[in-house]
Engineer: 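Encoded as structure tokens, here's the structure I'll be asking about.
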Amino acid sequence: MSWLMIGLLAMITFFNRFAFFSRLTRYQPGEEMGTFLSFSAQSVLTAIWLPIVFSYEPAAGLSWDLDYLLAAVLVTLLTLLRLPTLAVVVIGMGGFFLLRWLGGAHTLWAMLP
């Protein structure tokens with residue numbers, strides 16, 4: 001079933017991109033649709049990071065890893081500075097990996113005087 005879903009999503013993605021970028025079709029979205037589509041990158045990124053940062057387990061409730069939370073705050077601040085989306089993703093990932101490479105937020109917090 002999961003391979004069927006992956007295949008269907010791949011087909012939907014392909015045909016959407018084909019409709020927008022192909023020279024065979026002359027489809028031009030209207031101004032409202034263009035405005036709507038301008039938020040798609042941020043929506044997809046939110047759908048990816050939200051379950052990672054905040055995890056819910058029925059027995060434990062809502063919990064989060066401090067490293068993920070700090071990386072999410074960094075990315076939020078970079079987004080508020082209106083940096084390009086790719087720069088935000090690269091800097092956010094680099095900040096997260098640097099934080100993990102240094103031993104995590106708890107280790108860094110313990111090293112402060």
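As the structure is a computational prediction, the values presented were derived from the model and not from experiment.
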Engineer: Looking only at heavy atoms, what is the nearest atom pair of Leu70 and Ala105, with distance?
Structural biologist: CD1-CB, 3.5 Å
Engineer: Any chance you could measure Leu98, atom CG, to Leu102, atom CG, to the nearest 0.5 Å?
Structural biologist: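 Separation between the atoms: 4.5 Å.
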Engineer: Kindly indicate, with the supporting measurements, whether the criterion side-chain contact (heavy atoms from CB on, under 4.5 Å) is fulfilled by Val73 and Leu77.
Structural biologist: CA-CA 6 Å; Val73 169; Leu77 293 174; 4.3 Å; yes
Engineer: For the hydrophobic clusters of this structure (ILVMFWY residues joined by side-chain heavy atoms under 4.5 Å, transitively), does one cluster hold both Leu78 and Leu80?
Structural biologist: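 No; tracing contacts between hydrophobic side chains, which count when under 4.5 Å, never links both residues.
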Engineer: Test of understanding: clusters of I, L, V, M, F, W, Y form through side-chain heavy atoms closer than 4.5 Å, transitively. Do Leu66 and Leu99 belong to the same one?
Structural biologist: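 Yes, same cluster.
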Engineer: Test of understanding: clusters of I, L, V, M, F, W, Y form through side-chain heavy atoms closer than 4.5 Å, transitively. Do Leu74 and Val89 belong to the same one?
Structural biologist: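 Not linked; separate clusters.
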Engineer: Tell me, with the steps shown, if Phe36 and Glu31 meet side-chain contact (heavy atoms from CB on, under 4.5 Å).
Structural biologist: CA-CA 9 Å; Phe36 178 73; Glu31 185 177 332; over 6 Å; no
Engineer: Are Ile91 and Val75 grouped together when hydrophobic residues (ILVMFWY) are joined by side-chain heavy atoms under 4.5 angstrom apart?
Structural biologist: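 Yes, same cluster.
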Engineer: Would you kindly confirm whether Leu9 and Ile6 end up in one hydrophobic cluster when ILVMFWY residues are joined by side chain heavy atoms under 4.5 Å apart?
Structural biologist: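 Looking at the clustering, Ile6 is in a separate group from Leu9.
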